[in-house]
Amino acid sequence: MRYEFHPEAEQEFVEAAAYYEQNVTGLGQRFGSEVRHAIERLLEYPELGSPMDADLRRLVLIRFPYVLIYSFTPDMLRIVAVAHARRRPGYWRSRVNR
């Protein structure tokens, strides 16, 4: 299985990592490692996240207040959002093709 980020999700990921790194040296790198580890787990077990609806799931990161919003098919994991868990719920919904 492959994975891809929605372009806006990739931007969220980069910006969050940069924010953490700016505030505490090494923290952005730890955030990036946690996101990559979560993606690796999802590639192996795509049903790991909690269902949000028929097509979307969410996986809560362990050490950071972020969730990965994603969908998957047998050959593709698509990260729709790297969303802060406590800010602007549902802002990413326009990224999902219905």
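Atom set for the values below is all heavy atoms of this structure, side chains included, hydrogens, waters and symmetry mates excluded.
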Enquirer: Look only at the side chain of Y20 and the backbone of E15, and say whether a donor-acceptor pair between them is shorter than 3.5 Å.
Expert: no
Enquirer: Between V67 and L56, is there shared hydrophobic-cluster membership here, with clusters defined by ILVMFWY side-chain heavy atoms closer than 4.5 Å?
Expert: yes
Enquirer: Following the transitive rule for hydrophobic clusters with a side-chain heavy-atom cut-off under 4.5 Å over Ile, Leu, Val, Met, Phe, Trp and Tyr, establish whether V82 and Y3 coincide in one cluster.
Expert: yes
Enquirer: Are V96 and M52 connected into the same hydrophobic cluster when the rule is that any two of I, L, V, M, F, W, Y join if their side-chain heavy atoms are below 4.5 Å apart?
Expert: yes
Enquirer: Does R93 pair with D53 as a salt bridge, N-O distance under 4.0 Å?
Expert: yes
Enquirer: Applying the side chain to side chain contact (heavy atoms under 4.5 Å, CB included) test to F5, which of I39, V80, L68 qualifies?
Expert: I39
Enquirer: Kindly indicate whether the side chain of E47, heavy atoms from C-beta on, has any atom under 4.5 Å from the side chain of L42.
Expert: no
Enquirer: Under 3.5 Å, sequence neighbours excluded: what are the donor-acceptor pairs made by side chains of residues 26-36?
Expert:
residue, atom, partner, partner atom, Å
S33, OG, Q29, O, 3.1
E34, OE1, R63, N, 3.2
E34, OE2, I62, N, 2.4
E34, OE2, R63, N, 2.9
R36, NH1, G32, O, 3.4

Enquirer: So, taking the atom named CZ in R57 and the one named CG in L77, what distance separates them when rounded to the nearest 0.5 Å?
Expert: 11.5 Å
Enquirer: Heavy-atom distance under 4.5 Å between the side chains of E8 and R95, does that happen here?
Expert: yes
Enquirer: Near Y19 OH, under 6.0 Å, is it more than 12 heavy atoms from other residues, nucleotides or ligands?
Expert: no
Enquirer: Could you go through the ring pair (Phe, Tyr, Trp, His ring centres under 6.0 Å) check for F13 and Y66 one step at a time?
Expert: CA-CA 10 Å; F13 174 42; Y66 278 81; 9.5 Å; no
Enquirer: Is there a path of hydrophobic side-chain contacts, each under 4.5 Å between heavy atoms of I, L, V, M, F, W or Y residues, that connects I79 with L48?
Expert: yes
Enquirer: So do P46 and M1 actually touch side chain to side chain, heavy atoms under 4.5 Å?
Expert: yes
Enquirer: Examine Y45 and Y70 and state if one hydrophobic cluster contains both, with Ile, Leu, Val, Met, Phe, Trp and Tyr joined whenever side-chain heavy atoms are less than 4.5 Å apart.
Expert: yes
Enquirer: Tell me, do R86 and P65 make a side-chain contact under 4.5 Å, heavy atoms counted?
Expert: yes
Enquirer: Identify the heavy atoms of E12 and A83 that sit nearest to each other, and give their distance.
Expert: OE1-N, 4.4 Å
